[in-house]
Student: 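One structure, pasted below without further comment.
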There are 2 protein chains.
Amino acid sequence: MTVTIYDVAREAKVSMATVSRVLNGNPNVKPETRKKVKEVIKRLNYRPNAVARGLASKKTTTVGVIIPDISNMYYSSLARGLDDIAEMYNYQTIITNTDHDPEKERDSFLNLVSKQVDGIVFLGGTLNEATIEDIKNSNVPVVICGTSEKDADLPSVNIDYFSAIKEVTERLLEKGSENVYFVKANYSRQLEGRIEDGLKAAYDEAGKSFKEEYIESVAEDYQTGKELFEQLVDHDADVIITMSDEAAVGVLHGALDRGISLPNRLQLISCSNTRLVHMMRPPVTSIAIPLYDIGAVGMRLLTKYMNDETVDEPNVILPYRIEYRLSTK
Amino acid sequence: MTVTIYDVAREAKVSMATVSRVLNGNPNVKPETRKKVKEVIKRLNYRPNAVARGLASKKTTTVGVIIPDISNMYYSSLARGLDDIAEMYNYQTIITNTDHDPEKERDSFLNLVSKQVDGIVFLGGTLNEATIEDIKNSNVPVVICGTSEKDADLPSVNIDYFSAIKEVTERLLEKGSENVYFVKANYSRQLEGRIEDGLKAAYDEAGKSFKEEYIESVAEDYQTGKELFEQLVDHDADVIITMSDEAAVGVLHGALDRGISLPNRLQLISCSNTRLVHMMRPPVTSIAIPLYDIGAVGMRLLTKYMNDETVDEPNVILPYRIEYRLSTK
DNA sequence: TTGAAAGCGCTAACAT
DNA sequence: ATGTTAGCGCTTTCAA
């Protein structure tokens, strides 16, 4: 029924090995033989079975991507960068959503390994001990993107969140801000930890005292951001930094609804850099994380591991930019 | 090195066939044998090789998803619905981006088929003749989501765009609007064609004459929407309907920048229903397409085909809602 | 209830 | 330059 390599071989009056060689671009084939085989392949409309190929060669030209939520712009931007480079290197990507659930993360990983993917990328994962253990036991190349997991000493791609947030906060403090609040989004414990460190460092250097309540709980979406604003305003925040762009919009509208003007009475900064920030009024100052690039570089790094190329620096730090817009002074 | 079914069989002192039976939940295994095998599986930390399994059984528990752009909220919302249901049925999804390129669409399809996926979903695709031909020749179940391809008589999930746009337009015309413009976004030729039909039908029924220039060219993102607004305002549009939410925001800001107030001098309606529309000021009236549900129902439909269940209605039409917000009178 | 053995469709030595 | 053959790790008859 389905055409196999045998059919092609018989029809072209060669052995299946020769067909295989033609398929894989092996130079040891006489040009006219190659031509004949190619013609038969075309005529029979033959397409090699990738599963059989994978079993025989132990390469599936498939990579796994483990991601919290593909419908979140933050992650889908990362994913798009990944996917473009993957395609460039002829890999396809299996994407699984985890909703930040470490158990799902681990399940997905194990599933992908049993599917014999050639490599796996974690995007903004939380990676518990068990998962890290599994990663080390399997010998699948793994790259971690958009979350700093240096401790686990796995290859990674990131920006220097610590410096970014420190730079932003220093400037704010210099200009007279007192209470800089940071709103987490559960994107990654380690990553948000580094942001907190940056915040504290800026306070330290400015000789001001940092209060723990400056770190507010979690808001990853518009509605939560809006609700959260109610609490923050009672704390006399004069600056709010949010991890999530969507939450930033929520805070923005929460403020506007109460007649609080930006940037005079409140300044707002977001830490992602999705297309959203360009679509707000006023446009929101943002740490421009190169999401697409993080994904792209992560995938490129993974290809190096998959092809056993030598890697000079397994922990890549990409440059960030701070885009000052109208939501800050 | 890697543990195989043989290792388990030897260790458990049974044949590999028995191990296979345990693995697949075959009832013909004595309970104590089953117990012993399971224990060895656990002890050796054995995980079946899905590729070998796929080759032997011709089932990969993997489905393909062909999508224009995963970083676009419209599509990623659809994708998330898909993925959740896929996970529920124990499938994983290979996602490929096509950027509306029919050639890429076809390539992806062929690639997925060679990877022996159990089914394929097209999200908002354009599907040229060649691809449709390929689909019919392969016997992989295929479902089309979020674009009306009834002509190709493939299973599909959609909303009734024709009625939705007709309903909206009728009301606008009743209330005195004259020039209702529609801005396409290249989401799907057929789908946008039906929207145009609905627009015309509303004009017909109102006894007013529809002018072809009411249909404006393409704007899929913020910037293009903003630029496009310049042209539209010269045409004396009093209503703009955009396919894309991002483009709607662009139009909105284009209008506000020129001091044109909504909804008095201009009314705005978007046709998608991403989280974006809730985040605008003023909030934009929108045809509430249940994106997540379209994806979810599409995947559910696909599982029916993959399991040879009987399908009563291959062309599902999901209900829509029109959410009137402050951008319209 | 269990085992033996024949594939699944390909790659990759190894011969020739 | 080409063919032969032995797997890859599993599922699935068919026998016992």
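The chains referred to below are lettered A, B, ... by the order of the sequence lines, with proteins before strands, and numbering in each begins at 1.
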Student: Tell me every residue that passes side-chain hydrogen bond (donor to acceptor under 3.5 Å, both in side chains) with A:Tyr6, counting only those two or more places apart in sequence or in another chain.
Tutor: none

Student: Please list, in numerical order, the residues of residues 33-41 of chain B that have a heavy atom closer than 4.0 Å to any atom of DNA chain C.
Tutor: B:Thr33

Student: Near DNA chain D, under 4.0 Å by heavy atom, which residues of residues 42-56 of chain B?
Tutor: B:Tyr46, B:Pro48, B:Asn49, B:Ala52, B:Arg53, B:Ala56

Student: At under 4.0 Å, does any side-chain N or O of A:Lys58 touch on OP1 or OP2 of D:dG9?
Tutor: yes

Student: Residues in side-chain hydrogen bond (donor to acceptor under 3.5 Å, both in side chains) with A:Thr33, at least two apart?
Tutor: none

Student: Who passes salt bridge (charged side-chain N to carboxylate O under 4.0 Å, His left out) against A:Lys104, sequence neighbours left out?
Tutor: A:Asp99, B:Glu87

Student: Considering only residues two or more places apart or on different chains, which pairs with a residue in residues 77-133 of chain A satisfy ring pair (Phe, Tyr, Trp, His ring centres under 6.0 Å)?
Tutor: none

Student: For residues 11-19 of chain A, please give each side-chain donor-acceptor pair under 3.5 Å, one per line with the distance, not counting sequence neighbours.
Tutor:
residue, atom, partner, partner atom, Å
A:Ser15, OG, A:Ala17, N, 3.3
A:Ser15, OG, A:Thr18, N, 3.4

Student: Heavy atoms of chain A, cut-off under 4.0 Å: which first and last nucleotide of DNA chain C, 5' to 3', fall inside that, if you could look?
Tutor: C:dG9 to C:dA13

Student: For the helix from C:dT1-D:dA16 to C:dT16-D:dA1, what is the angle between the axes at its two ends, each from 5 pairs, rounded to 10°?
Tutor: 30°

Student: Kindly write out the residues that satisfy salt bridge (charged side-chain N to carboxylate O under 4.0 Å, His left out) with B:Arg21, not counting sequence neighbours, or none if the list is empty.
Tutor: none

Student: Hey, can you pull the residues of residues 8-17 of chain B with a non-hydrogen atom under 4.0 angstrom from DNA chain D?
Tutor: B:Met16, B:Ala17

Student: For B:Arg34, give me all partners under side-chain hydrogen bond (donor to acceptor under 3.5 Å, both in side chains), at least two apart in sequence or on another chain.
Tutor: none

